[in-house]
Every structure is written in C-alpha cells, then in structure tokens.
2 protein chains.
Amino acid sequence: MVLRYLVLGLLTIRPMTGYDLKRAFDSSVRHFWAADRSQLYRTLAAIVDAGLAEVEVVPQESYPDRKVHTITDAGREALRDWLASPLEPEDSREPFLGRLFFGDLLDGDGVAGLLAARRALAEETVAALTAEEERVAAVLADGGPDADRVRGTRGLALRLATLRHGLAHARTELAWLDETEREVLA
Amino acid sequence: MVLRYLVLGLLTIRPMTGYDLKRAFDSSVRHFWAADRSQLYRTLAAIVDAGLAEVEVVPQESYPDRKVHTITDAGREALRDWLASPLEPEDSREPFLGRLFFGDLLDGDGVAGLLAARRALAEETVAALTAEEERVAAVLADGGPDADRVRGTRGLALRLATLRHGLAHARTELAWLDETEREVLA
DNA sequence: GGTGACTAGGTGCATGGTCCACTAGTCGCA
DNA sequence: TGCGACTAGTGGACCATGCACCTAGTCACC
C-alpha cells in the first residue's frame, strides 16, 4: 500500500520511467523505505491499472523504448487522500532486539559481539545520513543539479526533517548501546 | 524467518500450546515484533514439520484438546545458530516518514496534524513501555508470578534492555517532533 | 577483443505476513 | 436468557517482498 503512494509522490515531481523511478527512489526516500526494481515496475503497472497514472511509450534510437509514466488527476487525488488519512500506529519488527532478548542463550562474548555488530551498523547509518544531509543542505543553499531540486524550499525542509529523523534515531541507538553495554556486560 | 526463532525462543522457557504462545508473545516480545494468532499457529506447525519441536496432544474435559509443543535439541541448536549468525542491516520501512516527505502536497494544517498525530502515538508508546518496564523491574526485584520469570536475572536484564531501547527511541521521536515543529511550522 | 557497467524493461516463484471468518464449548454477568 | 469473553485451533484469500533470471543494445576501459 505505502509503496504505491511513495511512487505516486515521486511522479508528482516529474513523469518517469521505471528506470528513472528507481534512481529517484534511491536518492530520496531510500533511507526510510526499501524497494527493489521488480517491485517498482510492478507498482507502476498497478498504478496504471488503477488509472492513477498514464503511460506514454517513447521510442529511442539505439536504446529500449522509454515508458514514461505521468500521474493523473485521480492519482493526485488518491495521494492527497492518503496523506490526509488518519495515522495508524506502526508495528515494529526488529530482528536485532529478538536476538538480544534471547541473548542469555549465548555466552557473554556472544552478547558483546551482537552489541558490537549493532554499533557498527549504527555508525554506518550515521555516516551515510550525515553525508546525505550535507548534500541536501547544499542544494537548499545554492541550487544544485536539477534532479535534486525536489519541489521547492518547503519540500526540501521536509526532506531534511526525514533525514534528521534517521540521524536522531541512529544516535539514540549509539547512546542506548553505551548504556546497555555498561549494564549487560558487567 | 525471525518469527520462527522468536517462537523457538519462547518455547525454551516452557512447552506451550498455540494459545499459550500467543499470550507469552504478547506479554514479552510484542513491543518489538508483531504477529497475529494465525501466524503463530502456522509457525508452530512449520517448526514441528522441521523437527525443531514436538507436539503432545493433551485431552481436556470440557475444553478443546491442548496441543503442547516442546522444543527439541535440534530446535535449541537452530536457535543458537541463529543467535550467533552475523547481524544483517535491517532496511527500514516507515509509512509516517513517507507522508511527511510528501507533506508539502498538504496545506500547513495538514502537516501540523500529521506531526500532532505522530506525537500522540509516541506518547502512548512511552506510557505503555514505562508501565511495562516498571512491571519487569518489579519482577526483577521481588520475584513475581511464575509466568513472568523469563529465565533468570540475566534474561531479565536483556528484556529490560529491549524495553529501554523502545523507550529511548520513543523519547527521541518526541524530541525530534519538537525540533521539526519548530522548523517546519514556522 | 573481452569485461563490465549502464540503459531499459521486465517475468516467475517462493516465502512471509495480514485479514477475516469459522467451529465449538465454557463461564460469568446482567 | 442472551451477550460477550475466554480457550483452542483452522482455512483461505490476498498482498508484499525478495531473489533469481532474461532480453538487448551502448559505451568505456584495459
């Protein structure tokens, strides 16, 4: 369901092929939603079936045809409806906590290793999001390449907010690891 | 996959029926993993098929038969293998951030409403986890009902760590909301 | 001249997860 | 006497996700 609306959202920026979409996706919403190519192509097809977008086939010399998808008014309406619909509680699914919960079936080193691995992942996340944040902040400051200019200043502010969300949580993860290592590995 | 191991983990505490399992599940790992009844029954069946648990049917007067599932040695081994296997990066999927990202298609009130709804959910989470944390801390202090004593002091410390994980992140969410409201609703 | 990356678009299948409804008896409460 | 909650387990449809695989041409680099 959600993926459908993320794709519609990206199509409001400009018409896109599945290929374009994958790149736009990876360089914008990737940090809070994962999807692979096959999913995006399928989602585009479903969106077209539902009349929320239209396809135009653009032949190219020496490259496969481009199937350019353009959002329709019905698509824009569906997107707005989703954005305005009540926010449901999300149920979490965290494999890492599952392991930790049953960590007493490992020896002490096992738990230490688990926490260390988690720390490495959180540090990677902080690094990646920091880099991305700087990139977006630069775009906000001085323009930057066209493909990055996602819908004006207000849009960029929201985009930055989602990045800071990830950063804040990754840093909390590191702080929680400090605390947990102190208490559990005593 | 993960659900399989969470179920095995719970079966290390004591043999259980699907019904028992659902309750044990909801009162322990629920806050970091969601599963409904039908999933748990199916997972139990899959575990038995794989030889990781055994079933004993216990007839009861005036109630349906209990199918008591007991973990096997193979099950314990599979669980330990999982616990010791390398930690993979988890890809996040956050519908809320998806909405926020495209929030500029709503009016200012829409974004404010979205953030307010998110705040309400985060506050609920903090309240629920705080209550749960106190309950678990009390068990750690003075014993408490048998069903709650999940595998000794070390197990309880890990359980508390998973609860504090949720709490830390819920509080970070509230702090991030403060910041985001200041910056986006200006 | 070969290798690999890029452009472009997919298909098929298995697994996992969600939703909903159904059976069927017990028990307490109003 | 009827309603809802509890105990216990099932069936089936559907949606979402992940992984592998395929076609087919262009281009740069070694």
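By convention in this document, chain letters (A, B, ...) are assigned in the order of the sequence lines, proteins followed by strands, and residues within each chain are numbered from 1. Only this structure's heavy atoms are used, side chains among them; waters, hydrogens and symmetry mates stay out.
Between B:His69 and A:Ala34, it is B:His69 whose nearest contact on DNA chain D lies nearer the 5' terminus.
When distances are taken from the side chain of A:Asp36 to each of C:dA8, D:dT10, D:dG18, the shortest belongs to D:dG18. Counting only heavy atoms from C-beta on, A:Trp33 has its side chain closest to D:dT17 among D:dT17, C:dT11, C:dT18. Comparing atom distances between the A:Thr17 side chain and each of C:dG9, C:dT18, D:dG9 picks out C:dG9 as nearest.
Atom C1' of nucleotide C:dT15 and atom CE of B:Met1 are separated by 8 Å, given to the nearest angstrom. When rounded to the nearest whole Å, the span between OH of B:Tyr19 and P of D:dA5 equals 12 Å. Atoms CE (A:Met16) and C1' (C:dT7) sit 16 Å apart, rounded to a whole Å. Distance CZ (B:Arg23) to C1' (D:dA8): 11 Å, rounded to an integer number of Å. A straight line from CZ of B:Arg37 to P of C:dC20 spans 13 Å, rounded to a whole angstrom. Rounded to a whole Å, the CG atom of B:Asp91 is 6 Å from the P atom of D:dG18. B:Glu90 has its CD atom 16 Å from the C1' atom of D:dG18, to the nearest Å. Rounded to whole Å, the distance from CZ on A:Arg66 to P on C:dC6 is 17 Å.
Under the rule for a ring-ring contact (aromatic ring centres under 6.0 Å, His included), A:His31 has no partner lying at least two apart in sequence or in another chain.
Not a single donor-acceptor pair under 3.5 Å links the side chain of B:Thr162 to the backbone N or O of A:Gly98.
Taking only side-chain nitrogens and oxygens, A:Lys67 comes nearer than 4.0 Å to OP1 or OP2 of C:dG10. A close approach under 4.0 Å does not occur between any side-chain nitrogen or oxygen of B:Arg93 and OP1 or OP2 of D:dA16.
Taking every heavy atom of residues 39-57 of chain A and every atom of DNA chain D, pairs under 4.0 Å involve A:Gln39, A:Arg42, by number.
Screening residues 33-46 of chain A for salt bridge (Lys or Arg N to Asp or Glu O under 4.0 Å) gives no qualifying pairs among residues at least two apart or on separate chains.
Under the salt bridge (charged side-chain N to carboxylate O under 4.0 Å, His left out) rule, B:Arg118 has a single partner from B:Glu181, B:Glu173, B:Glu124, which is B:Glu173.
For the residue pair B:Arg99/A:Ser85, the side-chain donor-acceptor check at 3.5 Å is satisfied. Under 3.5 Å, the side chains of B:Glu56 and B:His69 contain no donor-acceptor pair of N or O atoms.
Residues B:Gly155 and A:Asp104 come closest through the heavy atom pair CA-OD2, 3.6 Å.
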